[in-house]
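In what follows, a single structure is set out as structure tokens and then discussed.
Quick note on labels: first sequence line is chain A, next is B, and so on, each numbered from 1. The figures here come from the full heavy-atom set of this structure, side chains too, leaving out hydrogens, waters and symmetry mates. Since the structure is predicted, the reported quantities are computational estimates derived from the model, not experimental observations.
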Protein chains: 2
Amino acid sequence: MATAFAALADPHRRQILDLLRARERAVSELVDQLGLSQPGVSKHLRTLREADLVTVRHDAQRRWYGLCPEPLTEVDDWLAPYRAFWSDRLDALERHLEENPD
Amino acid sequence: MATAFAALADPHRRQILDLLRARERAVSELVDQLGLSQPGVSKHLRTLREADLVTVRHDAQRRWYGLCPEPLTEVDDWLAPYRAFWSDRLDALERHLEENPD
DNA sequence: ACTGAGGATGACCAATTGGTTATATAACTG
DNA sequence: CAGTTATATAACCAATTGGTCATCCTCAGT
């Protein structure tokens, strides 16, 4: 439901995604890494689930959370025109430096 | 002070940035486009200012707001490793389709 | 100096957020 | 079945958010 933008607003949630980028993680591992209470982490995971940014695999009592990066394309797409914008600025800077050595 | 991530969490603020991408805008113009009250828009503009995402040029009573895209590089940089991630998935899909025609 | 226009700020409000502790649920273990 | 482990949910709380209306400030024109 929520957009990826809102999900990324919180640094702990970005940290979770960063951790999931390397491999799947059980909740307890995320708790250790984030230094939050277990329910605190579970709440962030719920937000990420609702934004479809993670998947869950059940294995006995454990839930293995994995990264699901697709919704990030929304952010990437939104960013695209701006990217052109700032590379223009860098290009202009480079041209300026070339034309005005030292 | 606030990060670009937090500033982008609100759709109205993203809309403001989108409008500023085309050209500078006075506050009254943004008010018309967003359909919010003038103070409401001013509050969003303050947030964007504090995230260094906009610049203000004073011209008599008017404030001309302009885009300042640099802080978006933080988002772009964070996104970079994920970009590789989902293009991998697309590549895998393409390989799968090539190796299994129809 | 007065007036009006353009914006910012203050005060307020309901809803949401990010965290907590306590409790519930579900699955393995003896 | 009783106990333990892993996670989710409930209840609660203070702080923040996104919006409003009313007011203030600054500048231009008269």
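The two residues A:Ala26 and A:Arg62 come nearest to each other via the heavy atoms CB-CD, 3.9 Å.
To the nearest angstrom, P of C:dA27 lies 9 Å from NE2 of A:His58. Computed from coordinates, the B:Glu50 CD to C:dT9 P distance equals 9 Å when rounded to whole Å. Look at CG on A:Leu30: it is 17 Å from C1' on C:dG18, rounded to the nearest Å. B:Leu8 has its CG atom 12 Å from the P atom of D:dG18, to the nearest Å. Summarising the geometry, the separation between CD on B:Glu29 and C1' on C:dG7 is reported as 15 Å, rounded to the nearest angstrom. The distance from atom CD of B:Gln61 to atom P of D:dG29 is 8 Å, rounded to the nearest whole Å. In this entry the distance linking CD1 of B:Ile16 with P of C:dG7 reads 13 Å, nearest Å.
Applying the 4.0 Å criterion to OP1 and OP2 of C:dG6, one finds that B:Tyr65 has every side-chain N and O outside that range. Put simply, B:Ser28 has a side-chain N or O that comes within less than 4.0 Å of OP1 or OP2 on C:dG7. A:His12 has a side-chain polar atom (N or O) that falls below the 4.0 Å cut-off from OP1 or OP2 of C:dG19. The phosphate of D:dT26 has neither OP1 nor OP2 within less than 4.0 Å of any side-chain N or O from B:Arg63. The side chain of A:Arg46 places no N or O atom within less than 4.0 Å of a non-bridging phosphate oxygen (OP1 or OP2) of D:dA8. Phosphate contact (OP1/OP2 of C:dG19, side-chain N/O of A:Arg13, threshold under 4.0 Å): absent.
With a 6.0 Å cutoff to the six-membered ring centre and a 45° limit on the axis angle, B:Arg14 counts as a cation-pi contact of A:Phe5.
Looking at B:Glu29 and B:Arg23, a side-chain N of the basic residue comes within less than 4.0 Å of a carboxylate O on the acidic one, giving a salt bridge. We find that A:Asp76 and A:Arg83 are joined by a salt bridge, their nearest charged nitrogen and carboxylate oxygen being less than 4.0 Å apart.
Side-chain atoms of A:Arg13 do not come within 3.5 Å of backbone N or O of A:His44 as any donor-acceptor pair.
Residues A:Ala9 and B:Trp64 both approach DNA chain C. Their nearest nucleotides, taken by heavy-atom distance, put B:Trp64 toward the 5′ side.
Using modelled atom types, one finds no donor on one side chain facing an acceptor on the other under 3.5 Å when comparing A:Arg57 with A:Tyr65.
Just one of B:Thr73, B:Leu53, B:Leu17, B:Val75 meets the side chain to side chain contact (heavy atoms under 4.5 Å, CB included) condition when paired with A:Tyr82; it is B:Leu17.
Considering only side-chain atoms of B:Asp10, the nucleotide from C:dG19, D:dT5, D:dG18 that sits closest is D:dG18.
Applying a 4.0 Å cut-off to non-hydrogen atoms, the residues of residues 31-45 of chain B that approach DNA chain C are B:Gln38, B:Pro39, B:Ser42, listed by residue number.
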